[in-house]
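Following: one structure in structure tokens, then a few remarks.
In the text below, chain A, chain B and the rest are named by the order of the sequence lines, each starting its count at 1. Model, not experiment: these values are computed from the prediction.
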Protein chains: 2
Amino acid sequence: MSRVNRPSAPQAAAHVPSFTTLRRLLGYRLRRATMLVQSDLAETLKPFELRMITFSALVLIRDNPGLSQSQLAAAMDVERPNLVVIVDELETRGLIARDRLATDRRTYALTVTEAGDRLCAEVVAAVEAHEARLFDGLTEAERKTVEAALALIHRNAKG
Amino acid sequence: MSRVNRPSAPQAAAHVPSFTTLRRLLGYRLRRATMLVQSDLAETLKPFELRMITFSALVLIRDNPGLSQSQLAAAMDVERPNLVVIVDELETRGLIARDRLATDRRTYALTVTEAGDRLCAEVVAAVEAHEARLFDGLTEAERKTVEAALALIHRNAKG
DNA sequence: TATTGTTATACTCTATAACTATA
DNA sequence: TATAGTTATAGAGTATAACAATA
């Protein structure tokens, strides 16, 4: 098979590779920044023994007392079977409670316990402090521009 | 266990859950936007039978002819064992070639074939068109602000 | 019959240890 | 001995099918 860009004998590339094409893509930069934020956030959550997905679930249950597992799964964009283990973990740790609805005994009403409420307040404060550090140097106007851009992506995607 | 925010009898939550806490977090919005862009991008790559990771590899090999697998793995932040199957796939499809270096017969010099070069040009054009559509409505100044913000995250992270 | 939660399972991605061949 | 590439494998994360209890 014929090749392009190849000298007569195979040759090693320069030490630091060129990212010229990928770096032109905003989606690529977006992904790299998000991965950085995520691994950084994982460190912030570690002392609380929470992962991003258990953190999201805890916060959503606190903000929406009485939520069912199906509703939570839909809100988190997670398949129902996969949510079961997440809710199991939070319940085993005594952070949330599952109560059967009297009006429909198939569904659970999810609520945070007092311990869950306390932990939630602590970890949200820690995450907000983490975010403040991560976005330190951004003016309020710049932050608004970034938020507007992210909202724009939502409108333009899935067209 | 005692609970907070719980009425005397468990009650169903409102239909649309509240995201008030999560939506305040820029990292959360960043992640959601990135996931949207990625699934949208996956659709763009599907006709070319490329995934994001094989696309990145193909582009990096084209931009850095002679790159070794170790260098490519480091550049892509992928473990060497996992890169093998990616390179295998591109080679099987005749898009890249593996040539042993005469100066060090342990390492491969990776290059794109003519077919790989053609496909790369096509798919990069498609991805750039896809990005233009996704970020349509952003002024050049706004785009620069977003890029600067993403660069700022890189500087602030891993502190 | 349809829905909630569950189990079992499979498939993808990613991470680690150990091997081979070359240096 | 050290490194490049490879194999095997284990662990997450995620997706689908099918079941029991309830509606």
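Per the geometry, CZ belonging to Arg80(B) stands 15 Å off P belonging to dT14(C), to the nearest Å. Look at CD on Glu89(B): it is 9 Å from P on dC13(C), rounded to the nearest Å. Between the P atom of dG5(D) and the CG atom of Asp88(B) lies a distance of 12 Å, rounded to the nearest Å. Going from atom CG of Leu110(A) over to atom P of dT6(C) covers 9 Å, rounded to whole Å. Nucleotide dT14(D) holds its P atom 9 Å from the CZ atom of Arg51(A), rounded to whole Å. As rounded to whole Å, 11 Å separates atom P of dA21(C) from atom CZ of Arg100(B). Distance, Asp77(A) CG to dG13(D) P: 16 Å, rounded to whole Å. In this structure, CG of Leu101(A) is placed 19 Å from P of dA21(D), rounded to the nearest angstrom.
Residue Gln69(B) is classed as a sugar-phosphate contact, given heavy-atom separations below 4.0 Å to backbone atoms only. Within the nucleic acid shown, Ile53(A) comes within 4.0 Å of sugar-phosphate atoms alone, with no base atom in reach, counting heavy atoms only.
Arg51(A) places no side-chain N or O within donor-acceptor distance of the main-chain N or O of Ala42(A), the cut-off being under 3.5 Å. Formation of a donor-acceptor pair under 3.5 Å by the Asp136(B) side chain with backbone atoms of Asn156(A) is not found in this model.
Phosphate proximity of dT6(D) to Arg98(B): present, with a side-chain N or O under 4.0 Å from OP1 or OP2. The side chain of Gln71(B) places no N or O atom within less than 4.0 Å of a non-bridging phosphate oxygen (OP1 or OP2) of dA4(D).
The listed nucleotides are dT22(C), dG13(D), dA15(C); the one nearest the side chain of Arg105(B) is dT22(C). Taking the side chain of Pro81(A) as heavy atoms from C-beta on, and the options dA17(C), dT6(C), dG5(C), the nearest nucleotide is dT6(C). Across dA15(C), dT6(C), dG5(D), the shortest atom-to-atom separation from the side chain of Val84(B) is found for dG5(D).
Between Thr107(B) and Arg106(A), the one whose closest nucleotide on DNA chain D sits nearer the 5' end is Thr107(B). Mapping Asp104(B) and Asn82(A) onto DNA chain D by nearest heavy atom places Asp104(B) at the nucleotide closer to the 5' end.
Considering only heavy atoms from C-beta on, Asp117(A) comes within 4.5 Å of Arg62(A) through its side chain.
Using a cutoff of 4.0 Å between basic side-chain nitrogens and carboxylate oxygens, Asp40(B) and Arg133(B) are scored as salt-bridged.
Side-chain atoms of Thr20(B) and Ser18(B) form a donor-acceptor pair, as typed in the model, at a separation below 3.5 Å.
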